[in-house]
Visitor: 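Could you have a look at this structure, given as structure tokens, before my questions?
Remember, predicted model here, so these are calculated numbers, not experimental data. Values reported hereafter were calculated over all heavy atoms of this structure, with side chains retained and with hydrogens, waters and symmetry mates removed.
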Amino acid sequence: MTSKSKITSGEKGKTKRRLKRIFTNPFTYVGIASVIVIIICTLIVHAAEMDAPETEITNWKDAIWHTIVAVSAAYFDYYTKSVPGRLASLLMLFFGMIIFSFVTGRVTSGFMNMVMKGNKGLKKLRGMKDHLIICGWRPGFDKILDAVMQANPDISAGMIVLVNEAPSEQMEQLRSELQFKEINYVAGDFADAETLKRAFIEKAKRILVISDSSKDRSEMETDSQTVLAVLAMKSLNPNVYVTAEILDKKFEEHLQLAKCDEILMTQEYEHSLLATASSGKGYSNVIKSLIAEDSHTGVVITDIISGYVQKTYKELLDYYYDKTGEVLVGLLLKSENKTVLNPPDDFIITADAKSILICAEKTEA
């Protein structure tokens, strides 16, 4: 069976299921019965009023208009004079209210269902492009999210999509805060392709995968989920930039094979920071200044200045020293996913390289 025939059969199956739901719904029969009664009442009004003295309904147009006003607006534009006409008009009012209540209820129910789906992360996102997807959840997630937003001032809250299996009350509480109100949310396993598609991954620009603790898993299971997620992400959108956090270093190779762009080992960094801090030399203060939440201070990675590709590192170093006062400390080679700190003066800058700068906070004179 070809893919086209599979799609056609699938669409037919969906249509059959929809029709079955419609015709097994008791409200469908109430609606059909109401329409039939209103049509019969219109016929009665026309037949009875044609012979009534001083009648205002003299033709089919008047009878139909009388029905439309009675059903939709619940009042009479023409007053019926005959007893059968009046009884038929009362039935029109009654069944008109039934239809109006039914339509109003369906519209309200549909709107509330849409809102609830959005709040619970069950709604598929549409029309997004170049957005940031954050996968995973753990205690203190609001602080992580706040730091991410400060580090990415070019991305508004409405361009951030959260994908996780956190308790619904946690996510509702998070999104009730003013700064997170516009953030989008998709509930589900972020290693599942269908969940990622609901987050519109095909058009995403960057993805941050946090080691997830929304469920009771071992470190190995958590890192395995991260690796599977990155594989799914890269298969759905090979151009998306993925940063993933792992707990165990042995999974680093698996992420490299999955073509993960950046790999974080937070626990290892924490251990190293504690070890250096124990020396009493103030390393932690220096690191805190370098890794600032402000995207314009501390260590900043930028594109190579125009015209300096294929030139030497010494020439670029002199440019920053003379022109900006910023300190060039090395290069990030994207193709190799490698950092070169203080390379030789004759090192040739490649097209895929980026500058690693240390920038001070700008102060007014």
Side-chain angles (χ1 to χ4, degrees), residues 121-138 140-166 171 174-175 180 182-215 217 221-248 251-267 269 291 293 295 301 332 334-335 337 352 354:
L122 302 175
K123 184 180 176 183
K124 182 177 179 180
L125 304 181
R126 297 184 184 278
M128 299 199 72
K129 187 178 181 182
D130 294 337
H131 53 291
L132 169 64
I133 300 177
I134 302 177
C135 299
W137 179 89
R138 64 166 171 253
F141 183 74
D142 55 335
K143 295 180 181 178
I144 296 173
L145 186 56
D146 187 50
V148 168
M149 292 175 67
Q150 290 189 40
N152 295 274
D154 58 316
I155 297 180
S156 63
M159 294 300 291
I160 297 176
V161 181
L162 309 181
V163 183
N164 57 54
E165 295 179 280
M171 297 308 300
L174 176 74
R175 297 176 70 207
F180 305 140
E182 300 297 323
I183 289 178
N184 300 282
Y185 170 51
V186 172
D189 182 2
F190 57 82
D192 179 60
E194 290 303 317
T195 302
L196 293 171
K197 287 178 182 178
R198 286 198 287 122
F200 227 67
I201 187 175
E202 296 89 346
K203 299 292 184 180
K205 186 177 182 180
R206 297 197 296 271
I207 300 177
L208 173 63
V209 184
I210 299 169
S211 291
D212 185 63
S213 60
S214 61
K215 292 190 174 181
R217 297 189 183 99
E221 290 172 330
T222 300
D223 285 344
S224 297
Q225 183 195 28
T226 300
V227 173
L228 289 173
V230 174
L231 284 168
M233 292 166 185
K234 284 295 186 178
S235 65
L236 292 170
N237 184 355
N239 297 320
V240 69
Y241 191 94
V242 180
T243 303
E245 178 191 22
I246 53 175
L247 303 173
D248 195 329
F251 283 89
E252 183 178 9
E253 184 178 352
H254 298 289
L255 283 178
Q256 289 172 347
L257 291 172
K259 298 181 180 180
C260 185
D261 299 283
E262 282 190 54
I263 302 170
L264 303 175
M265 287 172 283
T266 309
Q267 288 189 349
Y269 299 152
I291 309 175
E293 291 183 354
S295 60
I301 298 174
L332 174 63
K334 297 289 289 182
S335 61
N337 202 14
D352 69 309
K354 289 184 178 290

Visitor: List the atom of Thr226, the atom of Ala244, and the distance in Å for their closest heavy-atom pair.
Guide: CG2-CB, 3.8 Å
Visitor: Search all heavy atoms of Met159 against all heavy atoms of His131 and return the closest pair with its distance.
Guide: O-CB, 3.1 Å
Visitor: If I take atom OG1 from residue Thr222 and atom CD1 from residue Ile246, how far apart are they, to the nearest 0.5 angstrom?
Guide: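 It comes to 12.0 Å.
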Visitor: Hey, could you give me the CG/CG distance between Leu236 and Leu196, rounded to the nearest 0.5 Å?
Guide: 6.0 Å
Visitor: Going by side chain to side chain contact (heavy atoms under 4.5 Å, CB included), name the residues that satisfy it together with Ser224, two or more places apart in sequence or in a different chain.
Guide: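 Applying side chain to side chain contact (heavy atoms under 4.5 Å, CB included) to Ser224 gives Met220, Phe251.
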Visitor: Evaluate side-chain contact (heavy atoms from CB on, under 4.5 Å) for Lys143 paired with Asp146, printing each intermediate quantity in order.
Guide: CA-CA 5 Å; Lys143 295 180 181 178; Asp146 187 50; 5.6 Å; no
Visitor: Quick check: closest heavy atoms across Val240 and Ala204, and the distance to 0.1 Å?
Guide: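 Reported closest heavy-atom pair: CG2-O, 3.8 Å.
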Visitor: Would you find more than 12 non-hydrogen atoms of other residues, nucleotides or ligands less than 6.0 Å from Gln256 atom CD?
Guide: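 It does: Gln256 CD has more than 12 such atoms within range.
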Visitor: May I ask you to check whether over 12 heavy atoms, not counting those of Glu202, lie within 6.0 Å of atom CD?
Guide: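 For Glu202, atom CD is crowded (more than 12 foreign heavy atoms under 6.0 Å).
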Visitor: Does a side-chain heavy-atom distance below 4.5 Å link Asn152 with Arg206?
Guide: yes
Visitor: Quick one: are Asp189 and Gln225 in side-chain contact, heavy atoms under 4.5 Å?
Guide: yes
Visitor: For the atom pair CG (Asp154) and CG (Asp130), what is the distance rounded to the nearest 0.5 Å?
Guide: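 Rounded to the nearest 0.5 Å, the CG-CG separation comes to 10.5 Å.
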Visitor: Looking only at non-hydrogen atoms, find the nearest pair between Leu208 and Leu132 and report the distance.
Guide: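 Heavy atoms only, the tightest pair is N-CD1, 4.4 Å.
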Visitor: A side-chain contact here means heavy atoms from C-beta on lying under 4.5 Å apart; do Phe190 and Asp212 qualify?
Guide: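 A side-chain contact under 4.5 Å exists here.
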Visitor: Can you find a heavy atom in the side chain of Val230 that is under 4.5 Å from one in the side chain of Cys260?
Guide: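 Touching, per the 4.5 Å side-chain cut-off.
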Visitor: Is there side-chain contact between Asp261 and Thr243, with at least one heavy-atom pair below 4.5 Å?
Guide: no
Visitor: Can you confirm whether Phe200 sits close enough to Lys129 that some side-chain heavy atom of one is under 4.5 Å from a side-chain heavy atom of the other?
Guide: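 Side-chain contact under 4.5 Å: no.
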Visitor: Walk me through whether Asp223 and His254 qualify under side-chain contact (heavy atoms from CB on, under 4.5 Å).
Guide: CA-CA 10 Å; Asp223 285 344; His254 298 289; over 6 Å; no
Visitor: For residues Ile144 and Ile134, determine if any side-chain heavy atom of one lies less than 4.5 Å from a side-chain heavy atom of the other.
Guide: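 Contact flag for Ile144/Ile134 side chains = no.
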Visitor: If you take all heavy atoms of Trp137 and Ala166, which pair is closest and at what distance?
Guide: CG-CB, 3.6 Å
Visitor: What distance separates Leu231 CG from Leu255 CG, expressed to the nearest 0.5 Å?
Guide: 8.5 Å
Visitor: For the residue pair Phe180 and Leu145, establish whether any side-chain heavy-atom pair is separated by less than 4.5 Å.
Guide: yes
Visitor: Can you tell me how far apart CD1 (Ile207) and NZ (Lys205) are? Round to the nearest 0.5 Å.
Guide: 13.5 Å
Visitor: Donor-acceptor pair, distance only, cut-off 3.5 Å: does the side chain of Glu245 make one with the backbone of Ser211?
Guide: yes
Visitor: To the closest 0.5 Å, what do you measure between CD (Glu252) and CG (Leu257)?
Guide: 11.0 Å
Visitor: Are Met233 and Ile133 close enough, and set up right, to give a side-chain contact (heavy atoms from CB on, under 4.5 Å), and what steps lead you there?
Guide: CA-CA 11 Å; Met233 292 166 185; Ile133 300 177; 6.0 Å; no
Visitor: Taking all heavy atoms of Ala157 and all of Met149, pick out the closest pair and write down the distance.
Guide: CB-CE, 3.9 Å
Visitor: Go through the steps for Ile201 and Val163 under the test side-chain contact (heavy atoms from CB on, under 4.5 Å), then give the verdict.
Guide: CA-CA 11 Å; Ile201 187 175; Val163 183; over 6 Å; no
